[in-house]
Structures are given as structure tokens and as C-alpha cells.
Amino acid sequence: MSLPAVTVVIPVFNEEAVLPELCRRLTALFDTQPDCRWSAVLVDDGSRDGSAAFIRAGAAKDPRFQLVELSRNFGFQAALAAGLAQARGSDAIVTMDADLQDPPEVIPQLVAAWRGGAEVVRAKRRSRAERGLRRAGFDLFHLLYGRLTDYPVEPDSGTFGLLGGAAIAAFSQLPERHRFFPGLRAWIGFPTADVLYDRQERAAGETQQTFRRLVRYALDGLFSFSHLPLRALTYAGIFIAFMGFAAAAFYAVRRLLDIETAPTGYTTLVTVVLFLGGVQLIGIGVLGEYLGRVYDEVKRRPNYIVKSPGTRGVGAEKNPARD
Ligand code: UDP
Ligand code: MG
């Protein structure tokens with residue numbers, strides 16, 4: 001029986017400072033684990049430093065390393081999709097960050113869990129490094145996400161993990177543009193295993209995920225996996241209409257019984273008008289979130305464009321077999 005081909009897919013954006021260490025540790029891993037045919041796909045997501053050049057030089061020396069170069073910065077999710085498309089022929093794909101927050105030394109455990117029968121393996125943090133506002137944001141997101149969707153994600157696992165052959169095939173059938181990887185991974189199903197690990201500090205450099213990006217990512221997660229915000233609007237509308245009827249009935253009865261009310265009510269009027277205006281604007285905003293996403297999907301623009309020669313040209317998700 002031939003050895004399984006395992007590809008490590010890593011999105012890279014301005015990671016010049018950590019790449020030497022990353023490649024050194026990956027090479028060490030590949031050399032000491034002869035029970036797989038290892039390779040690594042590093043997707044350069046439009047870095048403005050020497051990342052692409054470094055990977056290209058490394059790939060020239062060691063054919064197990066491959067560079068996929070995107071034409072500009074498309075964002076982490078798109079870069080990941082590009083890597084998954086490139087590695088599609090593998091028996092298993094390991095997905096991880098470049099910054100060594102996900103230690104490569106955990107990969108053999110992921111592979112072991114996969115060999116033990118799991119099709120999806122999630123690396124689960126024993127502890128989270130984030131503190132303060134970020135931490136509060138993550139907690140709030142997971143609380144909302146868990147309530148709103150039918151496919152809750154494991155709060156302590158991120159991108160780091162492994163996809164087996166069937167999961168890779170399932171992923172390649174997901175055509176959407178707004179991607180939330182942990183949500184999609186939960187959505188595809190399959191027997192899933194968790195491997196515990198200690199998340200490290202970033203080896204060097206600064207986080208590339210700004211707070212704004214994280215918020216956008218969180219909204220993508222919520223809106224692509226839940227229609228509940230729309231339904232909540234319907235319920236709010238029904239509730240408010242009901243209150244309106246009740247108030248109308250109340251005043252009508254008073255008028256019929258000749259209980260005359262003094263012409264007060266300016267404050268009430270203003271409050272009600274403002275309240276309803278606010279509710280309607282929120283409603284339009286929520287509709288807009290969905291509509292914008294529908295618009296992005298129907299345009300069918302690819303998620304990313306590959307610039308380097310020797311790799312497939314465009315990131316359309318429905319692709320023929322690997323070259
Ligand atoms: N990354 C990317 N494109 C981007 C931003 C980030 O490919 O536009 C990569 C980055 O190089 C790293 C991974 O995505 O390998 C995670 O990014 P980062 O460490 O900045 O995020 P955090 O760990 O803080 O969530
Ligand atoms: Mg990181």
C-alpha cells in the first residue's frame with residue numbers, strides 16, 4: 001500500500017519574519033515522519049514583504065514545498081480556499097496559520113486521529129491567548145453563534161485541523177464567496193475528532209487580522225449560517241403591530257364609554273415614532289446584510305486570482321482534477 005499524501009495548507013500574508021522558522025520546523029517534521037508523503041502549499045496572499053520570494057526560493061530547493069501566489073491581498077479565507085483547491089488531490093489536508101501559533105509538532109496527532117477513523121480533525125486549544133476586548137468579542141460571537149445557528153462551532157478551535165479525502169471533496173463543492181471556515185467545517189458533517197494543543201504566541205510580527213476584519217468575519221459567520229435575524233424581524237413586526245392594535249382598541253373603547261382623555265400624548269407620539277423608525281431601520285439593515293451577500297454570490301466572481309505560473313489561473317470552486 002502506498003503512503004498517504006498529506007498536504008499542509010498555509011495562508012501567508014507579510015510573514016517574512018516567521019517563514020524561516022516555519023519552514024525549518026515543517027521540514028524537520030516531514031523528515032522525521034516517514035509514514036506519509038508530505039508536502040506544503042504556502043499561499044502568498046499578496047504580501048508586500050519578501051514572503052513570496054522566500055517561499056519561491058524554498059520551493060526551488062525542496063520540491064515538497066509549493067508556492068501559490070495570489071494577485072493581491074484577498075484575505076485569509078480566500079487564501080485558504082486557494083490552498084485547498086491546489087491541494088485537492090491529497091489524501092488529507094492540514095490547514096494552519098503561518099505564524100506558528102499553531103505548532104507544526106501537533107500535526108502527527110492530527111494525522112493519527114484521521115487514521116483512527118475521523119474525517120474531520122479539529123485542533124482544540126487548551127487555553128486561549130486572547131485577552132481583554134478581543135476575548136470579550138470572541139465570547140460574544142460564540143454565544144450568539146451557538147444560539148442562532150444549527151451547526152455550532154467549537155469555540156476553542158479555529159482553522160488549525162485536518163480534512164480527510166471525503167471532507168476535501170465536500171469542501172470543493174461549496175461554491176460560496178463569503179466563507180467562514182469553522183462553520184463550513186461543522187456544516188459538512190462527517191465523524192469529527194478533537195486534538196488538544198497549547199496555542200502559542202505569535203512567533204514574530206503583528207497579527208494581520210484587524211478588529212474590523214474580525215467583526216466582518218463574525219458577521220459572515222452569523223449571516224451565512226442563520227436566517228434567524230430575518231425571522232426575528234418578522235416576530236418583532238408582529239409584536240409591534242399587535243401592540244398597535246391593542247392601543248387602538250383601548251382608545252376606541254374609552255371614546256365609546258365617553259371617558260374623555262385629555263389632549264396629552266406629544267411625548268408618547270414622539271417616542272412611538274422614533275421607536276418604529278428605529279425598528280424599521282434595523283430591519284432594513286438586516287435585509288441589506290443578506291441582500292449584499294446575495295449580490296456577491298450572484299456575481300459569481302472568483303474568490304481569488306492566482307498570479308504565479310504553473311498553478312491554476314482562477315479560483316473558481318468547480319475545478320477539474322488537479323494537474
Ligand atoms: N493571513 C492571510 N491574509 C490576510 C491576513 C492574514 O493570508 O489578509 C494569514 C496570516 O499570514 C496567518 C493567518 O492568515 O498565516 C492568520 O493571521 P493572523 O495570525 O494575523 O491572525 P490571528 O492569528 O491573529 O487571528
Ligand atoms: Mg495568528
Side-chain angles (χ1 to χ4, degrees), residues 7-23 25-26 40-55 58 65-87 93-104 106-107 122-125 127-139 141-142 153-161 177-183 197-218 220-221 303-308 311 315:
T7 306
V8 184
V9 167
I10 309 174
V12 176
F13 179 57
N14 294 345
E15 301 283 11
E16 188 175 56
V18 290
L19 280 175
E21 168 82 359
L22 173 72
C23 291
R25 279 164 69 176
L26 281 176
V41 171
L42 289 94
V43 182
D44 179 66
D45 186 17
S47 298
R48 286 179 279 275
D49 63 1
S51 298
F54 181 88
I55 301 166
F65 287 82
Q66 248 190 78
L67 168 67
V68 172
E69 206 176 351
L70 303 187
S71 61
R72 65 168 168 86
N73 180 241
F74 281 90
F76 172 73
Q77 293 295 316
L80 191 62
L84 290 179
Q86 181 68 22
I93 294 180
V94 174
T95 47
M96 64 184 276
D97 288 357
D99 56 10
L100 293 170
Q101 284 190 290
D102 310 330
V106 177
I107 293 176
R122 299 177 297 196
K124 194 171 152 189
R125 293 173 274 255
S127 55
R128 246 196 190 275
E130 287 84 6
R131 293 273 171 275
L133 193 61
R134 265 180 183 249
R135 177 62 191 261
F138 281 116
D139 288 346
F141 171 75
H142 283 291
V153 299
E154 168 59 55
D156 290 320
S157 57
T159 321
F160 194 20
R177 267 96 202 103
H178 289 274
R179 285 172 164 274
F180 174 61
F181 183 79
Y197 79 110
D198 290 306
R199 187 145 166 102
Q200 311 295 309
E201 291 296 324
R202 210 168 213 291
E206 299 248 308
T207 175
Q208 311 292 339
Q209 305 283 52
T210 57
F211 199 70
R212 225 182 83 220
R213 278 192 175 206
L214 284 178
V215 169
R216 213 185 320 155
Y217 186 44
D220 269 347
N303 267 344
Y304 54 85
I305 306 281
V306 174
K307 112 169 161 198
S308 53
T311 47

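Atom set for the values below is all heavy atoms of this structure, side chains included, hydrogens, waters and symmetry mates excluded. We count residues from 1, following the sequence as given. Since this is a predicted model, take the numbers as computed values, not measurements. Just so you know, ligand 1 is whichever comes first in the structure, and atom 1 is the first atom listed for that ligand.
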dist Thr7:OG1 -> Ile93:CD1 (nearest 0.5 Å) comes out at 6.0 Å
Ligand 1 atoms nearer than 4.0 angstrom to some heavy atom of Phe76 are 2 (C), 3 (N), 4 (C), 8 (O), 9 (C), 13 (C), 14 (O)
Across all chains, not counting sequence neighbours, the salt bridge (charged side-chain N to carboxylate O under 4.0 Å, His left out) partners of Arg216 are none
Numbered in order shown, the ligand 1 atoms found under 4.0 Å of a heavy atom of Asn73 are 3 (N), 4 (C), 8 (O)
Per-atom filter on ligand 1: closer than 4.0 angstrom to a heavy atom of Glu15 are 10 (C), 11 (O), 12 (C), 15 (O)
The protein N, O or S atoms lying under 2.8 Å from the Mg ion (ligand 2) are Asp99 OD2, Gln101 OE1
The residue among Leu19, Val18, Val43, Asp45 that forms side-chain contact (heavy atoms from CB on, under 4.5 Å) with Val12 is Leu19
Steps toward side-chain contact (heavy atoms from CB on, under 4.5 Å) verdict (Phe54, Glu16): CA-CA 8 Å; Phe54 181 88; Glu16 188 175 56; over 6 Å; no
Which of Val106, Thr159, Val9, Ile107 passes side-chain contact (heavy atoms from CB on, under 4.5 Å) with Met96? Answer is Ile107
| field | Side-chain heavy atoms of Ile10 within contact of Leu26, under 4.5 Å | value | yes
Q. Can you check ring pair (Phe, Tyr, Trp, His ring centres under 6.0 Å) on Phe76 and Phe13, steps first, answer last?
A. CA-CA 8 Å; Phe76 172 73; Phe13 179 57; over 10 Å; no
- request: Answer yes or no on whether Arg179 is positioned over the face of Phe181, meaning its NZ or CZ is under 6.0 Å from the six-membered ring centre and within 45° of the axis.
  value: no
Note: ligand 1 atoms sitting under 4.0 Å from heavy atoms of Val12 are 7 (O), 11 (O)
### Task
Show your reasoning for whether side-chain contact (heavy atoms from CB on, under 4.5 Å) applies to Leu42 and Leu22.
CA-CA 11 Å; Leu42 289 94; Leu22 173 72; 4.1 Å; yes
For Ala98, the atoms of ligand 1 under 4.0 Å from one of its heavy atoms are 12 (C), 15 (O)
To atom 2 (C) of ligand 1, the nearest of Phe160, Tyr217, Phe13, Phe74 on a heavy-atom basis is Phe13
